[in-house]
Amino acid sequence: MTEPQLPPLLLIGCGKMGGAMLAGWLELGLPAETVVVEPHAAAVAGFAGRIRHVASIAEIPAGFTPAAIILATKPQEAPNALPALAHLAGPGTVFLSIMAGRTVAGMNAMLGGAARIIRAMPNTPAALRMGFTVAFPGPEVSAAQRALCDRLLGAIGEAAWVEDEALIDPVTAVSGGGPAYVFLLAEVMEKAAISQGLPPDLARRMARATVAGSGALLGASAEDAAVLRRNVTSPKGTTERALAVLMREEAWPALMEEAIEAATARSRELAG
Ligand SMILES: NC(=O)c1ccc[n+]([C@@H]2O[C@H](COP(=O)([O-])OP(=O)(O)OC[C@H]3O[C@@H](n4cnc5c(N)ncnc54)[C@H](OP(=O)(O)O)[C@@H]3O)[C@@H](O)[C@H]2O)c1
């Protein structure tokens, strides 16, 4: 069964995240009409002929009525961009924001108070359509608007929903920042490999391939991560010896708790 065509979309900001989302939507099938507001023409060059590009919000074609407006600029741009979009707010249009830290209430105030808003937190594997996005629907968002945004977010990976906006803070800490923790793992494995006498180039390739390959294995498996871990841990073997260090109470389990708690607290501080 073919998916229904996407309705008219307005994308504000076509940088790393906005560009990844747009590529995903175009892969789903051409939306009825897509207008992209982006100051840098180079950022939209790859989409030429399939979208209508304008350089600023003021240049959005008069009369264009998008079903969804996707807010993908940096959060600090919101006080400039959102008031300029207030005339498009109404029951027939849903705003889908991926801006970190921007709350539904804060955005609604900038949009004139009558906007339907969904707040979402994606992560960078979205660039490979392997992202994980958690979304929160604000007041008065219709089931159809939620379903549309679920499709739009599904185009860059997996999408999940929470009914409590406060949960976006720990989501930001876990899946938003999570790729950085995994990249750090590759960095420290590489350093440790060099410490054991391996040539730097080999250490780098080993660490990268091990992290990437293990991630792919995890993604392809229905097993819990703990089961996959146990599968490579022979009794009295070398991995068991390493895990005895990493899983000490004060080591990875406690450090990850502390790190996620710190990031969650920071997300709360930045929210507005
Ligand atoms: N990257 C991540 O890991 C990640 C994860 C979760 C959420 N997010 C959120 O995703 C959003 C976008 O992040 P990003 O990494 O994709 O940023 P980005 O690459 O900087 O993209 C934003 C783009 O929007 C443009 N822009 C600025 N003002 C604009 C306006 N008024 N109208 C239209 N376009 C405008 C920017 O141009 P200039 O460069 O000239 O400003 C830039 O090209 C952020 O709010 C971020 O919080 C990012």
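Owing to the predicted nature of the structure, the values given are computational and were not obtained by experimental measurement. The figures that follow rest on heavy atoms only: side chains count, while hydrogens, waters and symmetry mates do not. Numbering of ligands and ligand atoms starts at 1, following listing order.
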Check your understanding: When you look at CD of Glu77, are more than 12 heavy atoms from neighbouring residues, nucleotides or ligands closer to it than 6.0 Å?
Key -> yes
Study note, to complete from the structure: Interatomic distance, CG@Leu11 vs CD1@Ile51, rounded to 0.5 Å, equals 8.0 Å
Check your understanding: What do you reckon, does Asn80 put a non-hydrogen atom under 4.0 Å from ligand 1?
Key -> no
Review point. Atom 15 (O) of ligand 1: protein heavy atom closer than 4.0 Å?
Key: yes
Check your understanding: Who gets closest to atom 39 (O) of ligand 1 by heavy atom: Met21, Met121, His40, Lys16?
Key -> His40
Exercise for review: Write out the residue and atom name of the closest protein heavy atom to atom 33 (C) of ligand 1, then the distance separating them to 0.1 Å.
Suggested key: Val37 O, 3.2 Å
Study note, to complete from the structure: Looking only at protein heavy atoms, what sits closest to atom 17 (O) of ligand 1 is Lys74 NZ, 3.3 Å
Review point. Just wondering, are more than 12 heavy atoms of other shown residues or ligands nearer than 6.0 Å to CZ in Arg204?
Key: no
Review point. Taking Ile117 as the fixed residue, which of Thr103, Leu111, Leu71 is the one that meets the side-chain contact (heavy atoms from CB on, under 4.5 Å) rule?
Key: Leu111
**Study point:** atom 21 (O) of ligand 1: the protein heavy-atom neighbour that sits closest, reported with distance to 0.1 Å
**Key:** Gly15 CA, 3.2 Å
Study note, to complete from the structure: for atom 45 (O) of ligand 1, nearest protein heavy atom and its distance come out as Thr73 O, 2.6 Å
**Study point:** atom 3 (O) of ligand 1: the protein heavy-atom neighbour that sits closest, reported with distance to 0.1 Å
**Key:** Thr124 CG2, 3.1 Å
**Study point:** Heavy-atom nearest neighbour in the protein, as seen from atom 9 (C) of ligand 1, with distance rounded to 0.1 Å
**Key:** Ile98 O, 3.0 Å
Check your understanding: Should one rank Ala42, Pro39, Pro75 by closest heavy-atom distance to atom 34 (N) of ligand 1, which comes out on top?
Key -> Pro39
Review point. Leu96 versus Leu153: any side-chain heavy-atom pair under 4.5 Å?
Key: yes
Exercise for review: Below 4.0 angstrom from a heavy atom of Met17, which ligand 1 atoms are there? Numbered from 1 as shown, please.
Suggested key: 2 (C), 4 (C), 5 (C), 10 (O), 16 (O), 48 (C)
Practice item. Determine whether more than 12 heavy atoms belonging to other residues, nucleotides or ligands lie under 6.0 Å from atom CD of Glu249. Key: no
Check your understanding: Do ligand 1 and Glu77 have nitrogen or oxygen atoms that lie under 3.5 Å from each other?
Key -> yes
Check your understanding: Distance from Arg205 atom CZ to Leu198 atom CG, nearest 0.5 Å?
Key -> 11.5 Å
Exercise for review: Look up atom CG in Leu85 and atom CE in Met107, then write down how far apart they are to the nearest 0.5 Å.
Suggested key: 12.0 Å
Check your understanding: Would one find more than 12 heavy atoms of other residues, nucleotides or ligands at under 6.0 Å from atom CZ of Arg151?
Key -> yes
Check your understanding: For ligand 1, is there an atom lying under 4.0 Å from some heavy atom of Pro122?
Key -> yes
Review point. Looking only at heavy atoms of Gly176, does any of them come nearer than 4.0 Å to an atom of ligand 1?
Key: no
Point to revise | Residue selection (non-hydrogen contact nearest atom 12 (C) of ligand 1) among Ser175, Ala127, Ala72, Ala78 | key: Ala72
Please list every donor-acceptor pair under 3.5 Å in which a side-chain atom of residues 157-168 meets a protein atom from a residue at least two apart or in another chain.
residue: Trp161; atom: NE1; partner: Asp150; partner atom: OD1; Å: 2.7
residue: Glu163; atom: OE2; partner: Arg146; partner atom: NH1; Å: 3.1
residue: Glu163; atom: OE2; partner: Arg146; partner atom: NH2; Å: 3.1
residue: Asp164; atom: OD1; partner: Ala166; partner atom: N; Å: 3.0
residue: Glu165; atom: OE2; partner: Val104; partner atom: N; Å: 2.9
residue: Glu165; atom: OE2; partner: Arg119; partner atom: NH1; Å: 2.9

Check your understanding: Considering distance alone, does some N or O of Glu38 sit under 3.5 Å from an N or O of ligand 1?
Key -> yes
**Study point:** Heavy atom of the protein closest to atom 47 (O) of ligand 1 (residue, atom name, distance)
**Key:** Ala100 N, 3.0 Å
Check your understanding: Can you find a heavy atom in the side chain of Met99 that is under 4.5 Å from one in the side chain of Thr73?
Key -> yes
Review point. What is the distance from atom CH2 of Trp25 to atom CG of Leu9, rounded to the nearest 0.5 Å?
Key: 6.0 Å
Revision key, fill the gap. Closest to atom 24 (O) of ligand 1 (heavy atoms only, candidates Ala81, Pro125, Gly13) is Gly13
Check your understanding: Got an N/O contact under 3.5 Å between Ile12 and ligand 1?
Key -> no
